[in-house]
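To start, the structure itself, in structure tokens.
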Amino acid sequence: MFRVNDNFLKLSAGYLFPEIARRVAAFTEANPAVAGRIIRCGIGDVTEPLPRAAIDAMRNAVDELAQRETFRGYPPPTGYDFVRAAIAEGDLRARGCDIADDEVFLSDGSKPDASAILEILGQGNRVAITDPVYPVYADTNVMAGNSGVALEGGGYEGFVYLPCTAANGFSPALPTERVDVVHLCSPNNPTGTVLDRETLTRWVSAARSNGWLIMFDAAYEAFIRDDSIPHSIYEIEGARECAIEFRSFSKVGGFTGVRAGYTVIPKSLLGATSDGSRVALHGLWLRRWATCSNGVSWPVQCAVAALYSHEGRMQTRALTDFYLANAALLADACERLGLRTVGARNSPYVWTACPAGLSSWETFDLLLREAQVVTTPGAGFGRCGEGFIRISAFNSRANAEEVARRLTVLASVSAR
Ligand SMILES: *Cc1c(COP(=O)(O)O)cnc(C)c1O
């Protein structure tokens, strides 16, 4: 009999977003009269249309595909040179990062890359993830066999959890036990907090002396407004020897449905083989792409390049400014209620404490029942997320303003 990948069976059943969807569906069925009032600030999906520059580039690219003279077939698997150059120059070298065009690998998004990258790493790496965490890092490592079983109360055996709490300002301490791979995300999903230059320098230096690989997820870098915060880990000296960076066009350009992202692997990043010699990850990733993918479609690659044009930059800036203004509205509303709140300044997420005495699922249920606002309970991102909810700023202005008003239902609970 053929075998399945038993690691999939270790995944804990109650995945966060399906559970949220189940509760919202149950509420809607029981309360059809107010179902139309529901405002979703749960899943981090964008709401606003694509930047004009991306639309025009895609239209033009489709027209090219319609003509024999300009038709294009298979693209290079890691992206057309002009797209990789626009990215390397616009996002990295412009910020002083020493990254060559061919160290940028264009893809159909960051979530697929975060999972595929495990194919070029060996079995048995000890993986460190933050708590709370973007669930993809945990689940992909479970599927790849890098964990033990799911633990009672959340988490998995075998991972090293790095708590991010109010006490440490939501910035994880360096691991003190043996680890091989560390997942970091800044600006963070779910907490909306950022890692500053000094902190990232400590991580890079520790990674180099201990042989860790840092998997740096910078999906939200376009929301950074504080000039002192690094946008890329390669702004830190030495990161070329210890870090992979993941970027996505989903949040900066509203590409959640268009699908594009990229991964940076410097050629100087070496890993150990089973016989103890060293090999460059760059070559392995190149081979993996050439073998397993035929790349990203022509219209999408043109849309990506268009985001780096002058108009494209102005439009993505306006788009991220728009969501940041929503985030500020929501964070102000939480603060006015006396709830300890972080995020929102360099991030589209607001991470706010639950009213005293309520768990994160209780707060979620209360907001759904009394305000018809869907949030994400912090406990869904890990044990240390208990006592918080995440509110997403990806919404229309009218909805963000309405949510800010409706959040006052939390005041009555705090007062009780
Ligand atoms: C949204 C998000 C991404 C982007 O994933 P895509 O597959 O590119 O849409 C990556 N990392 C984090 C933490 C995210 O929240």
Side-chain angles (χ1 to χ4, degrees), residues 15-17 20 40-48 50 54 79 83 87 91 104-118 127-141 162 164 170 172 182-195 214-224 231-233 243-264 289 293 295-297 300-301 303-304 307 316 319-320 323-324 327 343-344 346-351 375-376 378 380-382 385 390-395:
Y15 182 66
L16 178 59
F17 292 106
I20 291 175
R40 292 166 201 274
C41 298
I43 295 183
D45 195 0
V46 298
T47 54
E48 303 307 299
L50 295 179
V83 183
I87 292 171
D91 282 351
V104 168
F105 296 79
L106 188 73
S107 75
D108 59 336
S110 205
K111 192 178 183 180
D113 281 359
S115 135
I117 199 77
L118 301 179
V127 177
I129 56 178
T130 59
D131 177 5
V133 70
Y134 176 54
V136 172
Y137 314 143
D139 291 2
T140 51
N141 273 293
L162 309 172
C164 295
F170 303 95
V182 184
H183 289 268
L184 294 177
C185 178
S186 174
N188 192 261
N189 180 4
T191 68
T193 55
V194 288
L195 299 175
I214 296 178
M215 304 261 225
F216 190 72
D217 185 341
Y220 296 95
E221 66 75 35
F223 293 86
I224 296 174
H231 289 238
S232 165
I233 197 161
I244 294 176
E245 183 161 304
F246 299 93
R247 292 279 190 106
S248 169
F249 297 101
S250 286
K251 315 301 167 26
V252 58
F255 275 33
T256 54
V258 175
R259 308 305 307 141
Y262 66 91
T263 293
V264 183
W289 271 86
S293 175
V296 175
S297 77
V300 171
Q301 295 209 37
V304 167
L307 296 181
T316 53
L319 192 57
T320 48
Y323 291 126
L324 282 168
N346 297 294
S347 152
Y349 296 124
V350 178
W351 185 248
T375 54
T376 314
F381 297 104
R390 188 191 76 176
I391 309 173
S392 161
F394 291 122
N395 234 314

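Throughout, residue positions are numbered sequentially from 1 according to the sequence presented. Just follow the structure's listing: the first ligand is 1, and inside any ligand the first atom is 1.
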Which parts of the protein, at residue level, reach under 4.0 Å of ligand 1 through a heavy atom?
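Contacting ligand 1 under 4.0 Å are Gly109, Ser110, Lys111, Pro112, Tyr134, Tyr137, Cys185, Asn189, Asp217, Ala219, Tyr220, Ser248, Ser250, Lys251, Arg259.
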Over all heavy atoms of both residues, which pair between Val300 and Val296 is shortest? Give the atoms and the distance, please.
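Closest pair (atom of Val300, atom of Val296, distance): CG1-CG1, 3.5 Å.
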In terms of side-chain heavy atoms, does Arg40 have a donor or acceptor partner in Asn395 at a distance below 3.5 Å?
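No, no side-chain donor-acceptor pair sits under 3.5 Å.
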Got a sec, which residues hit side chain to side chain contact (heavy atoms under 4.5 Å, CB included) with Val182, two or more places apart in sequence or on another chain?
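Counting only residues at least two positions away or on another chain, Val182 forms a side chain to side chain contact (heavy atoms under 4.5 Å, CB included) with Ala128, Leu162, Val179, Leu184, Trp203, Trp212.
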Check side chain to side chain contact (heavy atoms under 4.5 Å, CB included) between Val136 and all other residues, then give those that pass, not counting sequence neighbours.
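Scan of Val136 (side chain to side chain contact (heavy atoms under 4.5 Å, CB included), adjacent residues dropped) gives Lys111, Ala114, Tyr134, Thr140.
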Could I get the full list of side chain to side chain donor-acceptor pair (under 3.5 Å) partners for Gln301, not counting sequence neighbours?
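With sequence neighbours excluded, Gln301 shows a side chain to side chain donor-acceptor pair (under 3.5 Å) to no residue whatsoever.
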is_close_aromatic(Phe246, Phe216), centroid dist under 6.0 Å:
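No: the rings miss the under 6.0 Å criterion.
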